[in-house]
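As structure tokens, the structure follows; a few thoughts come after it.
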Amino acid sequence: MNVLKGRSARAWAGFAGAAVVLFAIAPLALSDFRLGLLAKYLCTAMVAVGICLAWGRGGLLTLGQGVFFGLGGYAMAMHLKIADAGPGNLPDFMQLYGTATELPWWWKPFENPLFALAATVLLPMAVAALLGLFIFRRRVKGAYFAILSQALAAALAIWLVGQQATTGGTNGLTDIQGFFGYSLDDPVNQRLVYFVIAAALLLLMAIARQLINSRYGELLVAVRDSEERVRFLGYDPANVKLVAYVVAAGMAGLAGALFVPAVGIISPALIGIVPSIEFVIGAAVGGRASLVGAVLGAVAVAWAKTALSEEFPAAWTYFQGLLFIVALAFLPGGLASLAVLVRRRRKASPAQQTAAVPLGEAA
Amino acid sequence: MTVILGQTFTGISIGAVLLLIALGLSLTFGQMNVINMAHGEFIMAGAYTTYVLQKSISSAGISLLVALPVAFLVSGVLGALLEWLLIRRLYLRPLDTLLVTWGVSLMLQQLARDIFGAPNVQTRAPDWLTGNIEIIGGDDPLTFANSRLFILGLAVAAVVALSLTLRLTPLGRRIRAVVQNRDLAEVSGISTSTVDRTAFFLGSGLAGVAGVALTLVGPIGPTMGTNVIIDAFLVIVVGGIGQLKGTVIVAFVLGVLQSVLEYSTTVSVAKVLVLVAIVAFLQWRPQGLYTLRTRSLV
């Protein structure tokens, strides 16, 4: 029991520390431009929280988080575009390419801010639930699930590109000016967006931590490590996996929604196969099964991408390829497993070892 | 009537390309259960081999025919190298293999970009592949491009060669033995690691051949592999692992489906509909069309 208390206290301390860094130190230390970049990285980290849950804990390698990120992002961007255009007007790109004189029917509900906000989270969750229901019930798993989720990302990106008149095509929805009445050109409001994102990330981490430490979290790890055994114990692994997948989708949706005001754009290039797999690499480098590891890994990889690709675009691609290889072939627990190793060496008490969740492989 | 026939023919030629691409995968993914995302880049290597050969051999016809075995070797050696360096360490972790090979594919793409430049390049098709064959003459003609016919022939030849290899040669027997029961094969004196590497060589070599074929229907570029790899994996998923016939049937069915849907809707909607059809199909047969029957639970 003392161990549990200790863990809980440490978690609270870590949480408070993270809040201080995100809310006090970062805004003071970073320029507006760098803070905007950090906001973007934190969105990636929010997706990584979901990936940690679904892949790290549940063994579901979802290569299609870009789909949910995109659904959330487009839901938000559609509302902001309508709001930017003002009542009665069409969004600018529709006037440019489209022949339509009024909003397409499926854009109409997004005029309502509450509907749009709810849709950013609920729409991805609904899509994930539908797909997950079909896939998990029939026990399609492992690599098959990964490939199907990747195909979904490809299909959504291709579809969006094809519907230029109503989705902006390859360009996506760009040049977003306002965020619920606040002008995004104003640096003060950009800071506000950053604070919203930081708060959302902490909230998602808290939710994920509760889930991981609950009985459900134990069950999820059990399904990852031995699905058949869980089935023989009387649980339905399909439901367990479905919950993780749907929660991860909701988190990615929220991340996409907040990415839009932070960066001002959402486009198919941000949600297709390549970005979807980039979401995974961050979590893999930091440690897929460790919440903190996944979040820090996602931020670090996103930061490295900006830093390296600004200067040497070719080097970044080699580096990224190397990251995949080294992190997964030689360090499957990610950097978090190194931390655990160090801690275990310092105090060889058995209770500490529970922190090291062995990495299973969903066959 | 001609429209239906025409779409079916287009579908068959899409299917032939898919089949060529997926055939190598049916060996590496289907038989050995390794998800090699760099397979697409082995296709690219085959295509660039054709390009390089055409630069040094002036006759387009001869260079294409020379490219077939050379591309097979180039991609095959790349595959065997990949197996030896990385994949053999990861046989127990298929999902990690997927991500590791994705990293390899990123590096190979960038390598191609550094060597050949980012813009697409093109090869000349030999004269005997540029024309059309008229199948129905008259006012409403139905034609089939010679290059498409060549790809269809190549796909059929590759399937026959692969299935004969698997069925009749000692190597094929060893591969099948390892697929069916790795432990038993090993205690029977088969060197499973050699078999793995050889099978990987063959599967990757087939990707090189597919790359040669792709130069006839499209441009050669660093991302050409990524564009086709997902479709090829879907063919294997739907066809079922461990059997060639599933791959063959599904490649052609998906090709025709894609072409018919593209005709009646748009390219992008067709992609989405094909995916929906695949998910629906897996409700009916979650293990794919054909699969090896085993007693294992998974």
Side-chain angles (χ1 to χ4, degrees), chain A residues 55 59-61 63 130-131 134-135 137-148 150-163 227-228 231-232 272-274 277 280-281 284 313-330 332 359-363, chain B residues 29 33-35 37-38 85-87 89-90 92-111 113-114 118 223 226-227 229-231 233-234 236-237 241 265-276 278-280 282-288 296-298:
Chain A
W55 180 39
L60 303 166
L61 177 51
L63 297 177
L130 196 68
L131 188 74
F134 278 118
I135 291 182
R137 286 254 170 250
R138 294 302 292 169
R139 302 185 193 174
V140 175
K141 54 191 159 190
Y144 290 74
F145 169 75
I147 289 167
L148 282 174
Q150 192 168 35
L152 184 70
L156 180 68
I158 292 172
W159 182 80
L160 284 169
V161 170
Q163 312 296 310
E227 182 168 339
E228 297 305 332
R231 182 172 290 122
F232 294 153
I273 294 179
V274 177
I277 220 162
V280 171
I281 186 65
W316 160 246
T317 315
Y318 285 121
F319 179 70
Q320 195 185 21
L322 213 60
L323 260 185
F324 269 101
I325 295 169
V326 171
L328 287 142
F330 302 106
L359 279 161
E361 177 70 56
Chain B
F29 179 39
N33 214 7
V34 168
I35 305 153
M37 280 291 170
L85 282 174
L86 289 171
I87 291 174
R89 299 165 207 275
L90 297 166
L92 294 176
R93 297 189 276 143
L95 291 183
D96 288 359
T97 316
L98 194 163
L99 293 168
V100 167
T101 51
W102 176 270
V104 174
S105 101
L106 279 179
M107 295 174 86
L108 288 178
Q109 275 178 36
Q110 189 58 38
L111 197 66
R113 225 170 268 139
D114 287 349
T223 55
T226 330
N227 297 338
I229 191 74
I230 303 293
D231 288 340
F233 270 112
L234 287 178
I236 309 290
V237 168
I241 60 169
T265 59
T266 63
V267 179
S268 57
V269 174
K271 282 261 178 210
V272 178
L273 288 179
V274 167
L275 183 65
V276 171
I278 288 172
V279 173
L282 290 177
Q283 295 305 299
W284 175 49
R285 284 195 168 228
Q287 303 291 319
S296 81
L297 281 165
V298 285

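First the proteins, then the strands, lettered A, B, ... as listed; each starts at 1.
Between atom CD1 of residue A:I325 and atom CG of residue B:D96 there is a gap of 13.0 Å, rounded to the nearest 0.5 Å. Atom CG in B:L98 sits 6.0 Å away from atom CG in A:L61 (nearest 0.5 Å).
For chain B, the option among A:Q163, A:Q150, A:R231 with the highest count of heavy-atom pairs below 4.5 Å is A:Q150. For the set B:V269, B:V279, B:L111, the count of heavy-atom pairs under 4.5 angstrom toward chain A peaks at B:L111. Comparing B:T226, B:L282, B:T266 by how many heavy-atom pairs each has under 4.5 Å with chain A, the most go to B:L282. Ranked by heavy-atom pairs under 4.5 Å with chain A, the first of B:V104, B:T97, B:L106 is B:L106.
In terms of heavy atoms, B:S268 sits closest to A:G162 at OG-CA, 3.6 Å. Nearest approach of A:V140 to B:P286, heavy atoms of both residues: CG2-CB, 4.0 Å. The nearest pair of heavy atoms linking B:L95 to A:G142 is CD2-C, 3.8 Å. The shortest heavy-atom contact between A:R138 and B:W284 is NH2-O, 3.8 Å.
Side-chain atoms of A:F134 and B:V276, non-hydrogen and from C-beta on, never get closer than 4.5 Å to each other. No side-chain heavy atom of B:M107 sits under 4.5 Å from any side-chain heavy atom of A:F324. A:I158 is not listed as a side-chain neighbour of B:V272, based on a closest heavy-atom distance of 4.5 Å or more.
Only the side chain of B:L275 comes within contact range of chain A, with at least one heavy atom under 4.5 Å from a heavy atom of that chain. For A:I277, the part lying near chain B is the side chain, with the backbone staying farther off; criterion is any non-hydrogen pair under 4.5 Å. Neither the backbone nor the side chain of A:I281 comes within less than 4.5 Å of any heavy atom in chain B. Residue A:L323 does not touch chain B at all, counting heavy-atom pairs closer than 4.5 Å. The contact between B:L99 and chain A is made by backbone and side chain atoms together, counting heavy-atom distances below 4.5 Å. With a 4.5 angstrom heavy-atom cutoff, B:D114 touches chain A only via side-chain atoms. For chain B, the nearby part of A:A146 is the side chain; its heavy atoms alone come within less than 4.5 Å. With a threshold of 4.5 angstrom between heavy atoms, A:V280 approaches chain B through side-chain atoms but not through N, CA, C or O. Looking at A:F319, there are no atoms closer than 4.5 Å to chain B (heavy atoms on both sides), in backbone or side chain.
Every side-chain hydrogen bond (donor to acceptor under 3.5 Å, both in side chains) that A:Q320 has, sequence neighbours left out, goes to A:E278.
Of the candidates B:I236, B:I35, B:V237, B:L234, B:V237 is the only one forming a side-chain contact (heavy atoms from CB on, under 4.5 Å) with A:Y144.
Using a distance-only test at 3.5 Å, with no hydrogens or angles considered, no donor-acceptor pair links the side chain of A:R139 to the main chain of B:Q287.
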**OP:** Please assess B:W102 against A:I273 for the test side-chain contact (heavy atoms from CB on, under 4.5 Å), listing each intermediate value before the final yes or no.
**Re:** CA-CA 11 Å; B:W102 176 270; A:I273 294 179; 3.7 Å; yes
**OP:** Begin with the C-alpha distance, continue with both residues' side-chain angles, and end with the deciding distance and a verdict on side-chain contact (heavy atoms from CB on, under 4.5 Å) for B:L90 and A:L328.
**Re:** CA-CA 9 Å; B:L90 297 166; A:L328 287 142; over 6 Å; no
